[in-house]
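Computed from a prediction, not measured in an experiment: that's the story for all the values here. Just so you know, these numbers use all the heavy atoms, side chains as well, and skip hydrogens, waters and symmetry mates. Just so it is clear: chains get the letters A, B, ... in the order the sequence lines come, proteins before strands, and each one is counted from 1.
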There are 2 protein chains.
Amino acid sequence: MPTSTRFAVAVHILTGLAVSDGKPLRSEDLAWSANTGAVVIRGLLSRLSDAGLTRSQLGAGGGSLLAKPAKKIRLLDVYAAVEDTELFSLHRTPPCDSCAVGGNILEAIQPALDRARKALEAELAKTTVADVAAEVARLGKFSIPLAW
Amino acid sequence: MPTSTRFAVAVHILTGLAVSDGKPLRSEDLAWSANTGAVVIRGLLSRLSDAGLTRSQLGAGGGSLLAKPAKKIRLLDVYAAVEDTELFSLHRTPPCDSCAVGGNILEAIQPALDRARKALEAELAKTTVADVAAEVARLGKFSIPLAW
DNA sequence: TTTGTGTGTAACCATCACTATGACACACTA
DNA sequence: TAGTGTGTCATAGTGATGGTTACACACAAA
């Protein structure tokens with residue numbers, strides 16, 4: 001039930017925009033930082049933009065910006081924006097319906113899985129992009145905004 | 001990411017063994033209930049056995065049994081036994097090390113991800129196979145042990 | 001001891017999500 | 001008008017996953 005790498009890279013993107021603090025960053029710049037392709041970044045930015053977390057500025061000198069303060073963007077928001085598979089996958093083929101266990105197992109475990117998922121999400125809601133940006137600044141010994 | 005159905009099927013297997021309550025079940029029987037192949041079940045049983053959750057009885061009339069009371073098997077134990085990938089995958093290729101954000105982002109987000117993972121695990125530790133078996137019995141309106 | 005039963009594991013395959021990459025139309029700025 | 005950067009499509013390689021066949025081995029029952 002692992003997540004894709006999208007979540008980690010999306011947090012990376014948003015953290016980059018947060019430390020840049022108002023100066024637009026191009027997808028190519030972000031791709032260099034994340035060590036991937038610019039199209040991959042643009043795909044993620046598309047999802048983040050749909051979720052209202054970022055916005056784009058076209059044309060020369062353009063790039064991406066945070067659509068709201070980093071303090072208001074929780075890791076949970078990022079998670080929801082870029083992950084589309086269920087945390088727990090169930091049986092690939094539905095279990096035997098005419099069987100005492102198979103016919104009821106899904107319904108029986110669902111509540112426990114839901115509680116686990118909610119616990120994960122509640123924890124992700126406690127950290128914001130601003131927190132991550134501050135931690136990156138502390139580790140890298142620089143201050144925000146950072147001149148690139 | 002391709003998510004694994006192993007956890008759900010493993011819980012299914014253990015629940016089946018729990019309601020069977022001492023009567024060995026063959027991998028073929030479990031495969032029928034889970035609507036999959038017997039070899040898939042045996043692969044999971046191999047992991048569960050390594051984790052000390054089940055044991056096998058060879059020969060005619062044989063099959064698999066729980067290695068300890070269902071009440072002592074937490075969903076967390078099952079999860080640990082059959083899932084081998086990290087909950088959160090990080091960048092496929094390590095981010096740019098010579099970059100202020102890329103060089104520190106992994107270390108910066110790790111604590112938050114660890115807290116989220118621990119929250120998930122703590123929740124999974126609260127439910128046991130016996131709980132799931134009882135719920136299946138309630139939904140299916142039968143009592144344990146179940147005659148197959 | 002013999003026969004039948006069931007496990008355990010290896011090998012191979014099809015499928016699917018994921019990431020990478022090239023290409024190009026479009027929007028906007030200078 | 002020229003240049004820049006986004007947004008999206010199409011394509012391809014990769015890796016994990018689950019399904020299936022095959023077979024050696026262990027054990028129980030007779």
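- Listed by chain and number, the residues in a salt bridge (charged side-chain N to carboxylate O under 4.0 Å, His left out) with E123(A) are K126(A), R115(B) (sequence neighbours excluded).
- Note on S4(A): every side-chain N or O is 4.0 Å or more away from OP1 and OP2 of dA17(C).
- Summarising the geometry, the separation between CG on N35(B) and P on dG18(D) is reported as 14 Å, rounded to the nearest angstrom.
- Taking atom CZ of R47(A) as the reference point, atom P of dG7(D) lies 14 Å away to the nearest angstrom.
- One side chain, S27(B) or R42(B), offers a donor N or O that lies under 3.5 Å from an acceptor on the other.
- Within the structure, every side-chain polar atom (N or O) of R92(B) is placed at least 4.0 Å from both OP1 and OP2 of dA20(C).
- No hydrogens or angles considered: nothing links the side chains of T36(B) and H91(A) as a donor-acceptor pair under 3.5 Å.
- Rounded to an integer number of Å, the gap from R6(A) CZ to dA17(C) P is 11 Å.
- Whole-Å rounding puts the L48(A) CG to dG7(D) P distance at 11 Å.
- Within the 4.0 Å cut-off from OP1 or OP2 of dG19(D), at least one side-chain nitrogen or oxygen of T36(B) is found.
- Rounded to an integer number of Å, the gap from D84(A) CG to dC16(C) C1' is 13 Å.
- The side-chain contact (heavy atoms from CB on, under 4.5 Å) with I105(B) is formed by just one residue from the set I13(A), T15(A), L139(A); it is T15(A).
- The CD-P distance, from E83(B) to dA16(D), rounds to 14 Å in whole Å.
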Heavy atoms under 4.0 Å is the rule here; annotate nucleotides 4-14 of chain C 5' to 3' with B where the base is hit, S where only the sugar-phosphate is, and - elsewhere. BBSBBBB----
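- Below 30°, between 30° and 60°, or above 60°: for Y79(A) and F88(B) the angle between ring planes is above 60°, a perpendicular geometry.
- We find that CG of L17(A) is positioned 15 Å from P of dG5(D), with the value rounded to whole Å.
- Checked by atom type, the side-chain pair Q57(B)/S64(B) shows no donor-acceptor distance below 3.5 Å.
- L65(A) has its CG atom 12 Å from the P atom of dT29(C), to the nearest Å.
- Ion pair R47(B)/D84(B) flagged as a salt bridge, since at least one NZ, NE, NH1 or NH2 atom sits closer than 4.0 Å to an Asp/Glu carboxylate oxygen.
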